Peer 1: 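I am attaching a structure below and will ask some questions about it afterwards.
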Amino acid sequence: MCDVCGCGNHEGENLYKVSDDTGKRTVEVKEKLLSRNDAVAESNRRHFDEKGILAINLISSPGSGKTTLLERTVEVLGKEMKIGVLEGDIETERDAERVRAKGAYAVQLTTGGACHLEAPLVHKGFHALEKQMGGEAPDILFIENVGNLVCPSSFYLGEHIRVVLISVPEGEDKPAKYPKAFKTSDVFIITKADLLPYFDFDVEKVKEEALSLNPRLKVFVLSAKTGEGLDEWFSFLREKVRERKA
Ligand SMILES: Nc1nc2c(ncn2[C@@H]2O[C@H](COP(=O)(O)OP(=O)(O)OP(=O)(O)O)[C@@H](O)[C@H]2O)c(=O)[nH]1
Ligand SMILES: [Mg+2]
Ligand SMILES: [Zn+2]
Ligand SMILES: [Zn+2]
């Protein structure tokens with residue numbers, strides 16, 4: 001369960017509905033949890049660096065199109081390089097099965113209730129993936145986080161690149177409402193661009209809002225359905241893989 005948003009509600013104690021006094025303790029507990037996560041994340045990062053792996057953490061609300069984008073990515077880049085995927089979900093193997101069907105190596109991580117991935121689970125998953133790959137390492141490791149635009153932003157997993165995705169039907173007001181996901185990411189992808197004619201979604205306005213939160217963001221606008229914008233995404237990934245190997 002999650003001690004960041006308080007959704008875990010451990011033994012009836014909602015961590016955010018507390019008095020000032022208990023609040024102080026809550027902050028300490030949170031800091032301890034996060035620093036333990038970060039220590040394992042750093043060790044994940046060393047694993048990735050030693051093996052020349054580019055690790056990418058994908059964060060979005062449920063249904064924004066993370067797995068669909070991975071399916072398209074594996075179809076194309078899977079012919080040029082080895083792609084591994086860690087699929088984070090609360091339950092089911094469905095997303096791992098989907099990307100495996102496209103030719104990726106994939107391990108499903110089920111959190112059994114938690115709304116985000118944490119570094120120790122990713123560490124376990126990474127070693128399971130290595131085993132699946134017969135001891136080889138992928139060129140790119142995608143980590144698809146649990147569908148949630150809030151809590152995953154607080155947990156560094158050891159990734160080199162963090163990607164936040166918003167799909168057109170979700171609405172153009174999302175960056176300012178979920179600022180942490182945007183402030184901590186390197187890439188912002190607007191997905192389902194094929195639906196722009198049917199929604200009031202001003203791409204320029206959304207880009208501007210996201211960039212005002214984080215000017216470092218590299219922005220892509222794409223559709224996994226029509227293929228629009230995918231080439232730019234693939235070129236970006238190829239370039240990053242080259243940099244990592246160099
Ligand atoms: N029109 C349109 N639909 C899309 C696009 N990408 C994904 N979808 C649809 O959106 C739905 C959800 O897509 P997923 O890829 O499963 O979303 P997800 O982010 O992986 O969802 P969770 O893993 O549950 O968080 C599916 O019905 C997809 O077919 C797109 O570019 N255009
Ligand atoms: Mg998915
Ligand atoms: Zn949570
Ligand atoms: Zn290890």
Side-chain angles (χ1 to χ4, degrees), residues 1-10 13-17 26 29-30 33-34 37 39-51 53 55-74 83-102 104 106-133 135-138 141-155 157-158 163-167 170 178 180-181 184 189 191-192 224-225:
M1 293 294 155
C2 179
D3 297 307
V4 172
C5 66
C7 66
N9 208 7
H10 295 283
E13 183 197 24
N14 186 323
L15 290 172
Y16 276 90
K17 285 184 192 149
T26 302
V29 171
K30 270 179 67 182
L33 271 169
L34 287 172
N37 176 80
V40 180
E42 280 307 332
S43 122
N44 288 346
R45 175 69 167 244
R46 282 194 295 276
H47 281 39
F48 304 150
D49 286 343
E50 278 163 13
K51 298 175 186 225
I53 298 166
I56 301 181
N57 182 4
L58 301 172
I59 296 177
S60 84
S61 300
S64 301
K66 298 180 293 298
T67 311
T68 311
L69 179 60
L70 288 181
E71 289 178 307
R72 297 289 94 78
T73 305
V74 171
I83 300 182
V85 184
L86 299 180
E87 281 291 355
D89 275 301
I90 291 175
E91 290 293 349
T92 84
E93 284 265 338
R94 285 178 189 168
D95 282 1
E97 284 162 7
R98 282 172 61 186
V99 294
R100 245 183 244 134
K102 300 293 176 188
V107 169
Q108 184 73 46
L109 308 174
T110 43
T111 64
C115 53
H116 59 272
L117 290 177
E118 293 185 16
L121 186 57
V122 166
H123 179 235
K124 261 199 207 155
F126 173 68
H127 285 304
L129 185 77
E130 274 189 316
K131 214 166 148 193
Q132 190 183 110
M133 296 182 67
E136 283 195 55
L141 174 69
F142 288 106
I143 306 165
E144 179 180 335
N145 223 302
V146 179
N148 176 356
L149 202 46
V150 185
C151 303
S153 326
S154 297
F155 291 85
L157 302 176
V163 178
V164 58
L165 306 90
I166 295 275
S167 65
E170 285 170 62
Y178 299 91
K180 193 161 186 187
T184 63
I189 303 183
T191 60
K192 309 193 188 181
K225 188 171 174 151

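In this chain, residues are counted from 1 in sequence order. Remember, it's 1-based here, ligands and their atoms both numbered in the order they're listed. Nothing here was measured: the structure is a model prediction, and the numbers come from that model.
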Peer 1: Please determine whether His116 has a backbone or side-chain N, O or S atom lying under 2.8 Å from the Zn ion (ligand 3).
Peer 2: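 His116 does not place any N, O or S atom closer than 2.8 Å to the Zn ion (ligand 3).
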
Peer 1: With a 4.0 Å cut-off, would you call Glu87 and Arg94 a salt bridge?
Peer 2: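 Judged by the 4.0 Å cut-off on N to carboxylate O distance, Glu87 and Arg94 do not form a salt bridge.
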
Peer 1: Take Gln108 and Asp95 through the test side chain to side chain donor-acceptor pair (under 3.5 Å) and record every step on the way to the result.
Peer 2: CA-CA 8 Å; Gln108 184 73 46; Asp95 282 1; 6.0 Å; no

Peer 1: Ignoring water, what protein N, O or S atoms are under 2.8 Å from the Zn ion (ligand 4)?
Peer 2: His47 NE2, His123 NE2, His127 NE2

Peer 1: Could you grab the distance from atom CG of Leu141 to atom CD1 of Ile143, nearest 0.5 Å is fine?
Peer 2: 5.0 Å

Peer 1: What pairs with Ser60 under side chain to side chain donor-acceptor pair (under 3.5 Å), at least two apart in sequence or on another chain?
Peer 2: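 By the side chain to side chain donor-acceptor pair (under 3.5 Å) rule, Ser60 matches Ser64, Lys66.
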
Peer 1: Taking the side chain as everything from C-beta on, heavy atoms only, tell me whether Lys192 gets closer than 4.5 Å to Glu170.
Peer 2: no

Peer 1: If I take the Zn ion (ligand 3) as the centre, what angle separates the SG atom of Cys115 from the SG atom of Cys151? Nearest 10 degrees is fine.
Peer 2: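 It comes to 110°.
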
Peer 1: Kindly say whether Leu58 contributes a backbone atom to a donor-acceptor pair with the side chain of Asn145 at under 3.5 angstrom?
Peer 2: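 Not confirmed, Asn145 side chain does not pair with Leu58 backbone.
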
Peer 1: Just the protein N/O/S atoms under 2.8 Å from the Mg ion (ligand 2), please, no waters.
Peer 2: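 Result, waters dropped: Thr67 OG1, Asp95 OD2, Glu144 OE2.
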
Peer 1: Would you give the length of the straight line joining atom CZ of Phe155 to atom CG of Asn37, rounded to the nearest 0.5 angstrom?
Peer 2: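 So the CZ of Phe155 and the CG of Asn37 are separated by 6.0 Å.
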
Peer 1: With Phe126 as reference, evaluate Ile53, Leu109, Val107 under the side chain to side chain contact (heavy atoms under 4.5 Å, CB included) test and give the passing residue.
Peer 2: Ile53

Peer 1: With sequence neighbours left out, write down each residue that passes side chain to side chain contact (heavy atoms under 4.5 Å, CB included) with Thr111, or none if nothing qualifies.
Peer 2: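 Counting only residues at least two positions away or on another chain, Thr111 forms a side chain to side chain contact (heavy atoms under 4.5 Å, CB included) with Ile90, Ala114, Leu117, Leu121, Val146.
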
Peer 1: Determine the minimum heavy-atom distance between Ala106 and Arg100, stating which atoms define it.
Peer 2: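 Ala106 and Arg100 have their closest heavy atoms at O-NH2, 2.9 Å.
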
